[in-house]
Amino acid sequence: MSNGSWESYAIAANNGEDKMLSAVPQLLRLNPEDVEKSAKMVLDVLRLPPVLLRKEPLLLAMSPDRLIRGFESLLLAETRDMIRKKKGRGEDRVEGGTDEVIIGVVREACKDTPGLLLEAASNCGIGGISAP
């Protein structure tokens with residue numbers, strides 16, 4: 001990369017950080033390890049895309065427990081919806097492999113629906129990360 005390209009990249013990265021901190025200024029007060037754990041929960045465990053954290057930086061201020069419980073509540077709601085639809089079609093059983101399908105549906109919903117994971121995690125009744 002040329003020097004100009006690196007400079008443009010650095011400016012873009014800095015602008016991204018500024019936007020995140022403007023949206024969630026408490027990130028500056030939080031323990032960096034806690035913020036990292038929350039990011040890893042979203043990216044590595046829930047396997048959601050990094051763009052979700054850029055669009056919804058408040059997720060970084062939530063505890064990993066809150067994030068996983070929020071995701072689990074979405075899974076439960078989707079499972080109930082799938083069972084309800086199957087019963088409506090007169091089907092009695094849920095096929096094998098359904099768990100992966102439901103997880104995929106919820107992941108897509110989190111990516112495509114602004115605020116979905118944030119709202120689910122906010123309503124799950126577990127505390128967020130507290131500043132030292």
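The figures that follow rest on heavy atoms only: side chains count, while hydrogens, waters and symmetry mates do not.
With a 4.5 Å cut-off on side-chain heavy atoms, R80 and R84 count as touching. Between P50 and L43 there is a side-chain heavy-atom pair separated by less than 4.5 Å. Inter-residue side-chain proximity for E78 and L74 is flagged as unmet; no heavy-atom pair is nearer than 4.5 Å. Two residues are said to be in side-chain contact when any heavy atoms from C-beta on lie closer than 4.5 Å; L117 and L59 meet this criterion. Between M62 and S122 the shortest side-chain heavy-atom distance falls below 4.5 Å. K55 is not listed as a side-chain neighbour of P114, based on a closest heavy-atom distance of 4.5 Å or more.
Taken from CD1 in I102 to CE in M82, the straight-line distance is 4.5 Å, to the nearest 0.5 Å. Rounded to the nearest 0.5 angstrom, L48 CG and K111 NZ are separated by 7.5 Å. Once rounded to the nearest 0.5 Å, the distance linking CG of D65 with NZ of K37 reads 10.0 Å.
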Practice task
In sequence, state the C-alpha distance, the side-chain angles, and the governing distance for E36 and K40, and then conclude on salt bridge (Lys or Arg N to Asp or Glu O under 4.0 Å).
Solution key: CA-CA 6 Å; E36 181 182 5; K40 285 183 177 183; 3.2 Å; yes
Practice task
Test side chain to side chain contact (heavy atoms under 4.5 Å, CB included) on V24 and L60 and set out the steps.
Solution key: CA-CA 9 Å; V24 189; L60 294 169; over 6 Å; no
Practice task
List the steps and the verdict of side chain to side chain contact (heavy atoms under 4.5 Å, CB included) for V106 and I103.
Solution key: CA-CA 5 Å; V106 171; I103 290 169; 5.9 Å; no
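Residue L58 is grouped with residue L28 when hydrophobic side chains (ILVMFWY) are merged at heavy-atom distances under 4.5 angstrom, including chains of intermediate members. The cluster map of Ile, Leu, Val, Met, Phe, Trp and Tyr, joined by side-chain heavy atoms under 4.5 Å apart, puts L76 and L118 in different clusters.
What you find for L46 and L67 is that their closest heavy atoms are CD1-O, 4.2 Å. Contact detail for T113 and E56: the closest heavy-atom pair is O-OE2, 4.3 Å.
Under the rule for a side chain to side chain contact (heavy atoms under 4.5 Å, CB included), the partners of E119 that lie at least two apart in sequence or sit in another chain are N123.
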